[in-house]
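Source: prediction; values computed, not measured.
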Amino acid sequence: MREFRKKQKKFYKIMKTLIIFSVVFILVYIGAQPYVAQASNIAAIVCSYFCQFLIVANLCFVFAYYNKYAKSDKFLETVEYEISDYGYYYSARTETGEADFMQAMQKDIAKSGFTVLSDIEIDEFDFAFSAFSKKDFFYAAQIESLSRSDILAYIDAVIHDITVQNLKRKGNAVLCFVTDKAEEEAIAISKMITPLGKKEQITIALAIVQPGDKRCYFLGNMQTRCRLLIANFVLKCGIPIPDTLKGEKRLPFQDALEQHMQDFDIKSFKNGTFYAH
């Protein structure tokens, strides 16, 4: 991934330099064209052809850049945030039991103007509550021992609820798990962002909280609406997140992700055969 990003940045600098040079040259030539033509018709023709060449060259560079790099840019940027983030954060809530933590969180969300539905079932999966306000969605589930398969199954249920049941095409959603113990494979995907739509009109972020030790696993260094919702209702703090609520700098699953991303291949990514998690 690092080598790919280096090539991307180098290509971008070349493209940016070419665009700036082209714009400046064409604007100068437009102003100087009458004088150039008066001095030499041949020079005027050469400059005219050169301007056309610059336009074509710019179009080729822009097309090549967006064809090769733009589609993967958002994906790689999110992965870079995952790798550089704190391993976990601490919740400022005082509740140590899962049920008490869930009730306190639900009460705060209701006070914030969200419409809250308690003890609901979505696609045969139980949720302690779901809440929505305009384009914001918040789903909370209580699972004693959280696994990776649990997370993936609940994500599918949330997607179905947002897109099919609520017919939404834009929005920000948080799927929060309150658990006694999260398995390592579950924690490894806690910072994963699930985008929906060609332009990622809907994003689903995860938050895994263990009230017993106050640890909360989520993507906390990327400025998104989902991060604000998690900070407000799960951590019970504002943005920026206070240093006192930041845990370890980095966990083993982030090292494993960085190692895995060394095998990033743009062709595999475009073919849909490369996944970060």
CD1-CZ distance between Ile208 and Phe218, expressed to the nearest 0.5 angstrom: 12.0 Å
Side chain to side chain, Leu206 and Ile151, heavy atoms closer than 4.5 Å: yes
Pro211 vs Arg93 side-chain heavy atoms within contact, under 4.5 Å: no
OG-CG distance between Ser91 and Leu245, expressed to the nearest 0.5 angstrom: 7.5 Å
Option among Phe61, Tyr65, Tyr69 that satisfies the ring-ring contact (aromatic ring centres under 6.0 Å, His included) test with Tyr12: Tyr65
Ring pair (Phe, Tyr, Trp, His ring centres under 6.0 Å) between Tyr29 and Phe50, intermediate numbers included: CA-CA 10 Å; Tyr29 176 68; Phe50 186 63; 9.6 Å; no
Thr78 vs Leu76 side-chain heavy atoms within contact, under 4.5 Å: no
Lys/Arg-Asp/Glu bridge criterion (N-O < 4.0 Å) met for Asp73, Lys68: no
Pairs satisfying ring pair (Phe, Tyr, Trp, His ring centres under 6.0 Å), at least one member in residues 155-186, at least two apart: Tyr154-Phe177
Near-ring test Phe75/Phe269, centroid separation under 6.0 angstrom: yes
Salt bridge (charged side-chain N to carboxylate O under 4.0 Å, His left out) contacts in which one or both residues fall within residues 133-158, not counting sequence neighbours: Asp136-Arg225
Side-chain donor-acceptor contact under 3.5 Å, Asp213 with Tyr90: no
Asp126 (side chain) donor-acceptor with Glu121 (main chain) under 3.5 angstrom: no
Salt bridge Glu258-Arg2, side-chain N to carboxylate O under 4.0 Å: yes
Ser118 and Gln106 side chains, donor-acceptor separation under 3.5 Å: yes
Any side-chain heavy-atom pair of Phe137 and Lys168 under 4.5 Å: yes
Short side-chain donor-acceptor distance under 3.5 Å, Ser112 and Asn232: no
Beyond-backbone contact of Lys246 with Tyr88, side-chain heavy atoms, under 4.5 angstrom: no
Pair His277-Glu82, side-chain donor/acceptor within less than 3.5 Å: yes
Within-4.5 Å side-chain heavy-atom neighbours: Tyr89 and Lys214: no
Member of Phe129, Phe101, Phe114 meeting the ring-ring contact (aromatic ring centres under 6.0 Å, His included) criterion with Phe233: Phe114
